[in-house]
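Keep in mind it's a predicted model, so treat the numbers as computed, not measured. Letters A, B, ... mirror the listed sequences (proteins, then strands); counts begin at 1.
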Number of protein chains: 2
Amino acid sequence: MDIPARVSVLERSTLFGGLPREALEAGAEAASEKKLDKGEALFRQGDDATTHYIVASGRLRLDQTTPDGKNVVLRFMGPGDLVGSVAVMRGIPYPATPTAVEETRALLWSHARMMELIQAHPALAMKAMNMMGGRIEELQERLQQVATQQVERRIAATVLKIAGQSGRKTQAGVEIPFPLSRQDLAEMTGTTLHTVSRTLSAWIEEGIIEGRRSSHLVIKRPHRLVEISEQA
Amino acid sequence: MDIPARVSVLERSTLFGGLPREALEAGAEAASEKKLDKGEALFRQGDDATTHYIVASGRLRLDQTTPDGKNVVLRFMGPGDLVGSVAVMRGIPYPATPTAVEETRALLWSHARMMELIQAHPALAMKAMNMMGGRIEELQERLQQVATQQVERRIAATVLKIAGQSGRKTQAGVEIPFPLSRQDLAEMTGTTLHTVSRTLSAWIEEGIIEGRRSSHLVIKRPHRLVEISEQA
DNA sequence: CGAACTATTGAGGTAGTTCAATCTTAGTGG
DNA sequence: CCACTAAGATTGAACTACCTCAATAGTTCG
């Protein structure tokens, strides 16, 4: 990627978005790049956190594995999203593994380089805090959902959130443009793939969604999903 | 509180801890104070976030209420903990209500004052990020627990975490030095007070804990609780 | 074309909820 | 100091949402 291309990625990112041109250019010039094939990991849970990443294109699934082998999907991340920085800033090992669900490119900076950038452009620190605050909010909302709501509501809310973040409008409805398995949804909502499968089957029956078997999910009646996600 | 007393609170706080004396003094001088009786709220979920707080003494329970009236306890906060700053920094309404579970004193700063302090002492920004990173970690861990573990394990892990944060060693075991109701534990673990009550009754039966009815909880066999919290 | 995933669907079991009644203790006012 | 009240806690019984186990089927890819 050349510098202008990098700048345009940074412009749209959580960390650099809205900063003056010279900050973007400094960031772009200081960056390195990495390309991941589908299924490859950017780094692994437990690795020393030495590097900050920003997704340039493609999509990552952030997985956390428990000592007893269970898996939780923390979030999906797309272009502009910052990966790994929380751990790097805190000086702790990466707490999760980001895996490419499709071919993905990322920009990256060593911690030392990033600290230089922050020193030179203090607005970066404010943006970083803002990003972290957003993560906290999101996690609090999900905790509340898993702690208080029934499975169908949680699945509905999760599908809607993913659609909001990454959905593309088509004539048939809102399409989620990357492969999202029943297992992924189960690990995001704290249930089993069986329950997800049953629930989605019922929704297909009702005409709310489309996408049996591994085709991309299309939401045909988003409003109905909102109702389900809010049902008392 | 006089300035030296405030300085000693700030010294022990997540935000100011470890900073040079002059930063502590600047913070102490810029602060105001507020006292809460048991049961009073520092602010309310939904209020405009205008003020940063640090707990000086006492203890707060941070509650999040859902539109449909359910309640989730996000965390307990004691001396040194920062309250409200995430929302203030992001410019969003406070997402939860901190209620005093015992008489509590807090120091507070307007957003403008806090920004001046951060400008003058950039290390504060780093400390704030560190604090937020810690929250993110904690929330990810809880999400993982609620999503994958059985209720008894979650209750055990929660009791242990609270004991780790606030417990005092006595000859009888580790005591949690503030009133912690079955309801509170239920709202922290995403279950009902009935289930919590049954679980704690069984633990009392087994001699793991002490504290029927509203006396303070004492953990007599912490190691056994750790086992439960890790049981496959 | 076969192997390996991923998804679907049924049947049965259970952890935890819900409903309901009773009990204990701290606090309040007479 | 004692009766009364309110709030938290306990415990039983019945129910159910969801999980687990199990078998089958459709898809993808070498």
Mind checking what makes salt bridge (Lys or Arg N to Asp or Glu O under 4.0 Å) contact with Arg59(A), not counting sequence neighbours? none
Gap between atoms CG and P, on Leu180(B) and dA9(D) respectively (whole Å): 9 Å
Is there side-chain contact between Phe16(B) and Ile54(B), with at least one heavy-atom pair below 4.5 Å? yes
Quick one: Leu193(A) CG to dA22(D) C1', roughly how many Å, whole number? 13 Å
Nearest-Å distance, CD1 (Ile155(A)) to P (dA17(D))? 15 Å
Are side-chain N/O atoms of His111(B) and Thr50(B) paired as donor and acceptor at under 3.5 Å? no
For the pair made of NE2 in His216(B) and P in dA9(D), what is the distance, rounded to whole Å? 12 Å
Using side chain to side chain donor-acceptor pair (under 3.5 Å) as the criterion, list what pairs up with Thr66(A), not counting sequence neighbours. Asp68(A)
Leu42(A), Val86(A), Thr51(A) screened by side-chain contact (heavy atoms from CB on, under 4.5 Å) with Tyr94(A), the one that passes: Thr51(A)
Rounding to an integer number of Å, can you tell me how far Trp203(A) CH2 sits from dA7(C) P? 15 Å
Before accepting this row, confirm whether a basic side-chain N of the pair Arg135(A)/Glu138(A) lies closer than 4.0 Å to the acidic partner's carboxylate O. no
For Lys38(A) and dT6(C), what is the distance between atoms NZ and C1' respectively, to the nearest whole Å? 12 Å
Quickly work out the Ile204(A) CD1 to dG26(D) P distance and round it to whole Å. 15 Å
In the 5'-to-3' direction, what one-character label does each nucleotide of nucleotides 12-18 of chain C receive under the scheme B = base within less than 4.0 Å of a protein heavy atom, S = sugar-phosphate only, - = no such atom? ----SBB
Value in whole Å for how far the P atom of dA4(C) lies from CD of Gln183(A): 19 Å
